[in-house]
Amino acid sequence: METDFVPRIRERRAEKRSIRRERSQGGWRRGAASTNAMVRGMATQIPARILSKIGRRDGRAFRVTVQAWPATGGDRLREVYFLTGTTLAARMADSPEIPAHYDFGEVEGRWQRNWRDEENYFDPASPKPRYVIDTPPPYPTGNFHIGNALNWCYIDFIARYKRMRGYNVMFPQGWDCHGLPTEVKVEETHHITKNDVSREEFRSMCRELTAKNIALMRSTMRGLGFSTDWSHEYITMLPEYYTKTQRSFLQMFHKGYIYQSEHPVNFCTRCETAIAYAEVTYDDRKTTLHHFDFDGVEIATTRPELLAACVAVAVHPGDERYRPLSGRKLRVPFFGHKVPVIRDEAVDPAFGTGAVMICTFGDKQDVHWWKQHGLPLRKAIDRQGRMTGIAKGYEGKRVDEARAAIVGDMKKQGILKGQRDLEQRVGTCWRCKTPIEILSGRQWFVRVKPDEILRAAREITWIPEHMLIRLENWVTQMEWDWCISRQRIFATPIPAWFCRKCHAMILPEEEDLPVDPTQEQPKKPCPSCGARDAVGEEDVLDTWMDSSISVLHVTGWDGAGTPPFFPAQLRPQGHDIIRTWACYTILRSVALTGRKPWDGILVNGMVLGEDGFKMSKSRGNIIAPEEILVKYGADAFRQWGAAGAATGSDIMFNWNDVVAASRFQTKLWNIARFALLQLDDAARSEATPVTALADRWLLSRLSDTVAEVTRAMEEYQFDRALRAIREFAWNVLADEYIELVKGRLYAKGSGRAGAGRALAVTLDTLCRLLAPFLPHFADEVYHHLAPGNGSVHRQPWAEFPFSDPVAVRDGGRLIRLASELRRYKHEQGLALNAPFGSLTIYGAQAIDDGGDLGRALNAAVEWRTEAPRLERVVKEVRFHRAVVGPALRKQAGAFMEAVKQLPPEQLEAPPATLHIGGGDVAVPPGSFTPVFSYRIEGTAVDVVTIGDAVVAIRRAS
RNA sequence: GGGCUCGUGGUCUAGCUGGCUAUGACGUCGCCUUCACACGGCGGAGGUCAGGAGUUCGAAUCUCCUCGAGCCCA
């Protein structure tokens with residue numbers, strides 16, 4: 001039976017590959033037939049997939065890890081079975097307290113239930129230094145997407161780190177509720193349009209949907225293990241918050257920041273609302289370019305129906321054809337008004353006839369010219385998409401009807417010169433695909449004062465630094481003020497009325513807020529004429545008006561002056577919204593408090609799909625955080641977030657990195673498990689001295705790691721921090737140290753206590769370093785390590801000054817000897833634990849390793865300081881360019897050539913000067929070292945050179 | 001069209017103020033059932049550092065140009 005159970009090695013390797021492949025593809029399938037058959041031989045009721053097997057050919061002990069599906073159905077289980085005799089007996093592990101396998105689902109769920117929200121609350125009364133984070137309030141779509149998740153990982157790393165460093169941390173969570181997407185979703189789900197129900201009813205439907213979506217996103221955030229301060233949650237659609245939005249509006253109005261003006265906006269004539277640029281989608285459509293005679297000048301246009309709105313004709317300043325037109329006025333066909341000819345660089349002389357008509361407004365370029373040249377405004381299209389009174393003869397016609405009619409009339413009059421097809425990108429309403437019109441209306445604006453914004457922006461620390469340039473460029477080239485009015489419903493109402501009698505503006509008092517002017521009348525009569533009949537402003541505020549006071553809100557703004565916790569310490573956000581959220585927040589903070597909003601801003605990159613493009617529904621490259629959580633868990637995801645890319649650069653999602661993270665976690669678990677199983681009373685006692693070389697070497701390396709990780713955390717370089725931890729845990733601790741001292745630990749001799757102590761200290765420190773990144777894992781291990789101490793997240797940050805230069809130097813040699821001799825042994829075809837005979841190590845200094853090397857290699861080791869009786873031959877020369885270059889400059893190349901030509905004895909004892917190119921040159925000390933090889937005559941001894949040591953190996957027969 | 005960023009083995013990535021044999025992961029190939037871990041260990045192959053020019057004793061790194069990609073904005 002047992003022999004059946006041990007497949008031949010080659011088969012197992014293939015099986016291992018296939019298991020990996022399946023795992024990387026994400027799901028487990030029922031195993032290959034052969035595997036199943038073997039398992040069925042053991043326990044027929046359990047369909048299972050063998051993951052790994054350990055056994056002994058002639059012994060009794062087999063261990064089999066299988067993936068099993070319980071007979072009752074439900075989730076698959078992963079368990080370890082021990083084969084005793086011919087039956088499978090299910091057992092968890094050899095230690096009941098420390099399971100052999102780390103079950104991330106179970107552990108993460110358990111800790112998330114154990115952690116209490118109160119542990120993360122900001123304490124306003126605390127004497128600790130403050131660390132207030134201006135967390136971004138996401139739009140409650142119901143999906144907390146992977147880009148958010150990355151950003152929140154960064155925030156959580158910082159929050160957890162700063163708490164351990166003794167800060168009073170505020171990690172609030174907001175929700176930026178208002179906006180069109182929710183309105184549209186509500187219309188879809190209720191099968192209505194917003195005009196079918198009252199404003200208030202519509203708003204309440206939106207609020208209901210938003211609340212549902214917030215709940216969904218909260219649960220994803222909890223699943224990722226974020227240490228959010230839920231006592232500082234804010235929701236912009238609630239009166240508590242939007243009262244502040246309205247208050248800020250009034251204050252900015254009174255300070256002269258806010259004004260009204262006529263301005264063009266994108267408008268969907270079917271939905272009868274203005275829409276933002278972000279809501280315009282572009283379609284490639286075929287249109288017709290009409291050439292016609294415009295008072296003697298041939299003009300090409302796709303929109304002849306806008307002739308009534310024509311306010312100028314533009315030509316390129318260098319276009320010779322139109323030089324005579326300069327300064328002239330032209331008469332508009334059909335409508336008779338006269339328009340100037342203007343010259344502008346932006347006109348493409350090669351397009352159409354090189355002369356274009358500027359209409360208010362045919363496209364964005366028209367708006368630009370209109371603004372730049374101070375042209376008059378002629379409205380030819382109304383909000384329903386019909387021609388207005390100025391389009392005499394076409395009044396009341398729809399745009400497309402008017403176009404057909406006017407083209408017909410051009411033909412009749414003989415001014416139509418030609419037509420051709422044109423591929424054109426047309427801006428359309430993202431929702432109904434109606435081509436958008438640019439219409440002018442009365443809008444509210446916030447005055448943008450570039451100097452004010454720049455001054456504050458430059459007082460803020462930008463990480464990475466170059467992100468400030470984006471803001472600077474944007475602010476200095478902004479042509480228009482910020483339009484803050486929207487013609488929508490689900491948003492903060494603009495708190496203003498207009499007197500029906502004298503049209504004066506009526507504003508509420510701050511203490512009367514919040515108000516909805518469409519639902520209520522002002523408390524006081526019109527200040528100009530005393531009338532009591534006012535019409536409420538129907539426009540609402542841009543949602544950036546809500547979110548750009550998030551920092552004021554969380555720092556405790558009550559409308560009077562500077563808030564108590566202002567400015568915040570950190571604003572984390574994406575670079576896609578530097579020009580909006582970051583810019584507007586700075587503008588508003590300066591306007592309302594006169595100060596910068598935060599000490600620093602940490603800009604995270606975008607998450608790109610596996611194909612390298614921004615994730616989007618249309619590309620189908622979206623990966624939801626939940627998918628990763630289910631397959632690999634929160635801690636693996638968080639590791640991906642930390643290590644996937646340098647802070648601030650875009651990060652391409654790839655499953656490999658998540659898999660690598662999860663493997664590191666497994667490795668860490670096994671390291672921790674090993675260490676925990678070694679811990680006895682001596683190891684736990686602070687009084688146990690650490691004296692052995694290897695142990696002191698480990699602690700020195702640990703100390704360096706703590707310093708490096710701390711430095712990286714202070715600079716928000718999470719990839720560097722995690723890399724340092726991985727390097728230490730995997731290479732230094734597991735591969736080098738543990739392999740070296742295992743023998744000492746198993747031997748139960750006198751040196752055991754020191755190694756145990758070193759392991760205990762290291763594991764404790766490692767838990768603290770890991771806590772910000774792998775909060776569940778770190779708490780799990782810490783709980784096993786120090787059961788009475790509570791959560792690792794309540795512990796202070798790792799601090800471990802341990803400087804032992806001798807241990808670093810000699811320990812490094814020892815480690816190198818161990819690893820190179822292990823490799824040598826392997827190359828000789830020996831199993832690594834096979835007897836290795838006796839070694840004599842010749843070195844300049846004796847190293848007291850306490851017998852570690854001998855045990856690790858299973859060899860008798862003798863250390864000698866005298867020179868070996870061997871022939872030494874100089875093999876090559878190694879140059880130290882950092883010494884050679886600065887000392888010799890241009891002669892460096894020639895110098896190195898000359899050194900290579902020296903006889904061996906001079907390489908060992910360099911001359912003071914060298915003759916190069918007709919002159920003597922001083923040999924810089926330390927500019928090169930000879931590399932030796934050794935030979936021996938006559939005896940059956942292998943010789944290996946490792947660094948400056950020579951090892952003579954007398955193999956066991 | 002403008003701004004910003006980026007281009008490093010098959011794939012992803014580190015490399016900041018120029019100086020060891022260009023880092024690591026995944027993949028790949030070979031060897032190893034080792035008492036924490038086969039989700040492991042050891043080893044190998046695989047690189048014109050996008051291309052070109054310049055500065056320098058020395059360039060993945062600094063400068064300029066070209067090509068390509070991404071993001072944001074017109």
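Residue numbering restarts at 1 for every chain, and letters A, B, ... go by the order of the sequence lines.
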Using a 4.0 Å heavy-atom cut-off to protein, can you give one letter per nucleotide of nucleotides 3-20 of chain B, 5' to 3': B if the base is in contact, S if only the sugar-phosphate is, - if neither?
SBS------S-S-B--B-

When rounded to the nearest Å, what value does the distance between C1' atoms of B/rC49 and B/rG68 take?
16 Å

May I ask you to evaluate whether A/R663 reaches the phosphate of B/rC37, defined as a side-chain N or O under 4.0 Å from OP1 or OP2?
no

Over 60° means perpendicular and under 30° means parallel, so tell me whether A/W730 and A/F664 are parallel, tilted or perpendicular.
parallel

Tell me whether the side-chain N/O atoms of A/W730 come closer than 4.0 Å to OP1 or OP2 in B/rG41.
yes

Can you tell me how far P in B/rU11 sits from the matching atom in B/rU5, rounded to whole Å?
26 Å

My understanding is that only residues two or more places apart in sequence, or in another chain, count here; which of them pass side chain to side chain donor-acceptor pair (under 3.5 Å) with A/N654?
none

With a 4.0 Å limit, can you tell me whether A/K890 has a side-chain N or O closer than that to the phosphate oxygens OP1/OP2 of B/rU56?
no

Taking salt bridge (Lys or Arg N to Asp or Glu O under 4.0 Å) as the definition, give me every residue that meets it alongside A/E820, ordered by chain and number, with sequence neighbours left out.
A/R816, A/R823

Partners meeting salt bridge (Lys or Arg N to Asp or Glu O under 4.0 Å) with A/K667 (sequence neighbours left out)
none

Hits for salt bridge (Lys or Arg N to Asp or Glu O under 4.0 Å) against A/D719, two or more places apart or cross-chain, chain-then-number order -> A/R723

A/D542: partners by salt bridge (Lys or Arg N to Asp or Glu O under 4.0 Å), with sequence neighbours left out:
A/R486

Give me the distance, rounded to whole Å, that separates B/rA14 from B/rC57 when you measure between the C1' atoms they each carry.
28 Å

According to side chain to side chain donor-acceptor pair (under 3.5 Å), who are the partners of A/Q678, at least two apart in sequence or on a separate chain?
A/R752

Provide the distance between the two P atoms, one in B/rU61 and one in B/rG52, to the nearest whole Å.
12 Å

How does RNA chain B look in dot-bracket form if you count Watson-Crick and G-U pairs under 3.5 Å, write [ ] for pairs that cross, and put | where a base pairs with another strand?
(((((((..(((......[....))).(((((.......))))).....(((((..]....)))))))))))).

Using side chain to side chain donor-acceptor pair (under 3.5 Å) as the criterion, list what pairs up with A/D650, not counting sequence neighbours.
A/H575

